Asks: 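Encoded as structure tokens, here's the structure I'll be asking about.
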Amino acid sequence: MIVNMHETATENEIQHIIDRVREAGFQPHVTRGATKAIIAAVGAGGRRHEIQALEAAPGVENVVPIAQPYKLVSRQTKPIRTVVHVRDVAIGGNDIVVIAGPCSVESREQILSTAHAVKQAGAAMLRGGAYKPRTSPYEFQGLGEEALKLLAEAREETGLPVITEVMSTEDVDLICEYVDMLQIGARNMQNFALLRRLASTNKPVLLKRGPSATIKEWLLAAEYLLSGGNPNVVLCERGIKTFETETRNTLDLAAIALARELSHLPVVADPSHGTGKPVLIPPMSRAAIACGADGLIVEVHPCPERAWSDGPQSLTFEAFQQMMRTLGDPMRKLAALSTEEIALGGSQDFKRRGVSAD
Ligand code: PEP
Ligand code: MN
């Protein structure tokens, strides 16, 4: 943190800040300009709030944070990228990991047929909600333990590791008996009791970004998990609330790229909740991968029109299979590269790069 002193600050006021920075557990680094002094509070383990409070001290103009408030999730702390292992699936490694399945587990037939279909199409993990966060209390709330048993059965049959959402600390032990990865839903991103509880499990966690959460708040939520002892965290961008009404949410692609800059944790995209529209899921999946996403989580249902939750945004087996075929497609070529223009001499840009067919 940087403490900027006022032009009129006296020597005594500057010395007082230097002493307070030391008392708060940091080393003070003082720079004296022609008119002002700046005191940097450097080091880890100090009490940041005490430095922040110095804004109220005489002679201080303002206090500006220089380091990010999250530490363990930061790439400054750990420059090497984290790979999260869910059984034999590595998220954050060389391969794009696709997690697919229904919004909610509805029946044995539904989850088993979906598990086989998504596996055949190339998914590496199966998703399925057992406890559903629904906006209305009158909507389907999930099959609970019955759904967990069906997910475990689907894993036995297909070998796909399974993920489900945990909504309450009360359900954690039971859910951990059945599944391989725990999802913290968007609405629970800042449920600090739940974060603390999941920090003490040995299951990897998929942490969805809250619909109104800033990237900093999202990373601080992840910090709860890491600082509580669980290093196996995958961030998930699932769209945020904006003024737009044509899409269910606005999938924040910049957040995917930025989260990977700021943090060493893997990041996956959820284009299903991020757009709410099946037609947008393949292009936004490709876009997310182009932005650096380590994987995708996509809703797939055997018959979306009969789904008990999120049917309108679910892909059919065929649509999912089709999408998977296009994920590895290279981006469209630059127009000039694919035309005879190059043979004719190319644009200035290409000449600069030494591409010329003269
Ligand atoms: C879900 O994955 O079905 C879900 C409810 O997601 P979110 O928490 O992102 O709304
Ligand atoms: Mn859903």
Side-chain angles (χ1 to χ4, degrees), residues 86 97-106 110-111 114 118 123 125-137 139-144 147-148 150-151 162-168 171 175 179-191 194-195 198 204-213 215 217-218 221-222 233-242 247-253 255-256 259 267-278 280-281 284-285 288 293 295-316 320:
V86 188
V97 172
V98 179
I99 306 167
C103 179
S104 307
V105 177
E106 299 165 7
Q110 176 242 22
I111 193 67
T114 308
V118 300
M125 284 181 60
L126 177 69
R127 62 151 289 151
Y131 300 86
K132 295 305 301 178
R134 305 308 302 276
T135 302
S136 160
E139 287 172 323
F140 174 57
Q141 305 285 311
L143 293 181
L148 299 175
L150 293 173
L151 283 170
V162 295
I163 174 169
T164 204
E165 176 167 351
V166 186
M167 291 202 331
S168 158
D171 303 327
I175 293 175
V179 306
D180 307 300
M181 187 175 203
L182 307 171
Q183 173 175 321
I184 297 184
R187 295 161 187 79
N188 268 316
M189 189 204 84
Q190 282 189 321
N191 179 338
L194 186 62
L195 290 166
L198 294 201
V205 175
L206 182 91
L207 177 64
K208 289 208 169 189
R209 179 182 178 188
S212 307
I215 294 168
E217 287 164 343
W218 185 26
V233 176
V234 174
L235 299 166
C236 176
E237 162 59 38
R238 50 76 74 199
I240 51 172
K241 284 194 189 296
T242 66
T247 47
R248 183 175 176 186
N249 289 292
T250 297
L251 190 68
D252 186 358
L253 293 176
I256 296 171
V267 183
V268 308
D270 175 347
S272 301
H273 296 87
T275 66
K277 284 189 163 29
L280 296 180
I281 294 170
M284 294 314 280
S285 295
L296 303 168
I297 179 163
V298 179
E299 288 187 342
V300 178
H301 194 281
C303 183
E305 69 168 60
R306 291 180 187 271
W308 297 358
S309 63
D310 283 350
Q313 71 188 28
S314 297
L315 296 182
T316 60
F320 179 66

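Since the structure is predicted, the reported quantities are computational estimates derived from the model, not experimental observations. Sequence positions, counted from 1, serve as the residue numbers for this chain. As the structure lists them, so they are numbered: ligands from 1, and atoms in each ligand from 1.
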Asks: Return yes if some donor-acceptor pair links the side-chain N/O of Glu237 with the main-chain N/O of Gly274 below 3.5 Å, else return no.
Replies: no
Asks: Check whether any side-chain heavy atom of Arg238 sits under 4.5 Å from a side-chain heavy atom of Pro211, and report yes or no.
Replies: yes
Asks: Under a 4.5 Å cut-off applied to non-hydrogen side-chain atoms, are Leu195 and Leu207 in contact?
Replies: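 Result yes, sub-4.5 Å side-chain heavy-atom pair found.
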Asks: Let me confirm one number: the CZ-CG distance from Arg209 to Asp270, rounded to the nearest 0.5 Å.
Replies: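 Atom-to-atom, Arg209:CZ and Asp270:CG are 13.0 Å apart.
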Asks: For Ile297, run the side-chain contact (heavy atoms from CB on, under 4.5 Å) check against Val97, Val234, Val98, Ile99 and tell me which one passes.
Replies: Ile99
Asks: Apply side-chain contact (heavy atoms from CB on, under 4.5 Å) to residues Val166 and Asn188 and explain how you reach the verdict.
Replies: CA-CA 9 Å; Val166 186; Asn188 268 316; over 6 Å; no
Asks: Should Asp310 and His273 be marked as a side-chain hydrogen bond (donor to acceptor under 3.5 Å, both in side chains) after you check the CA-CA gap, both sets of side-chain angles, and the distance that decides it?
Replies: CA-CA 9 Å; Asp310 283 350; His273 296 87; 3.0 Å; yes
Asks: Could you pull out the N/O/S protein atoms under 2.8 Å of the Mn ion (ligand 2), ignoring any water?
Replies: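 Protein N, O or S atoms closer than 2.8 Å to the Mn ion (ligand 2): Cys103 SG, His273 NE2, Glu299 OE2, Asp310 OD2.
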Asks: Is there a side-chain hydrogen bond (donor to acceptor under 3.5 Å, both in side chains) between Gln313 and Glu299 once you walk through the steps?
Replies: CA-CA 7 Å; Gln313 71 188 28; Glu299 288 187 342; 2.7 Å; yes
Asks: Show me, by chain and number, every protein residue that has a heavy-atom distance under 4.0 Å to ligand 1.
Replies: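 Those residues closer than 4.0 Å to ligand 1 by some heavy atom are Cys103, Arg127, Lys132, Pro133, Glu165, Gln183, Gly185, Ala186, Arg187, Lys208, Arg238, His273, Glu299.
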Asks: Quick one: closest heavy-atom pair of Arg127 and Val298, and the distance?
Replies: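 Smallest heavy-atom distance, with atoms named: CD-O, 3.9 Å.
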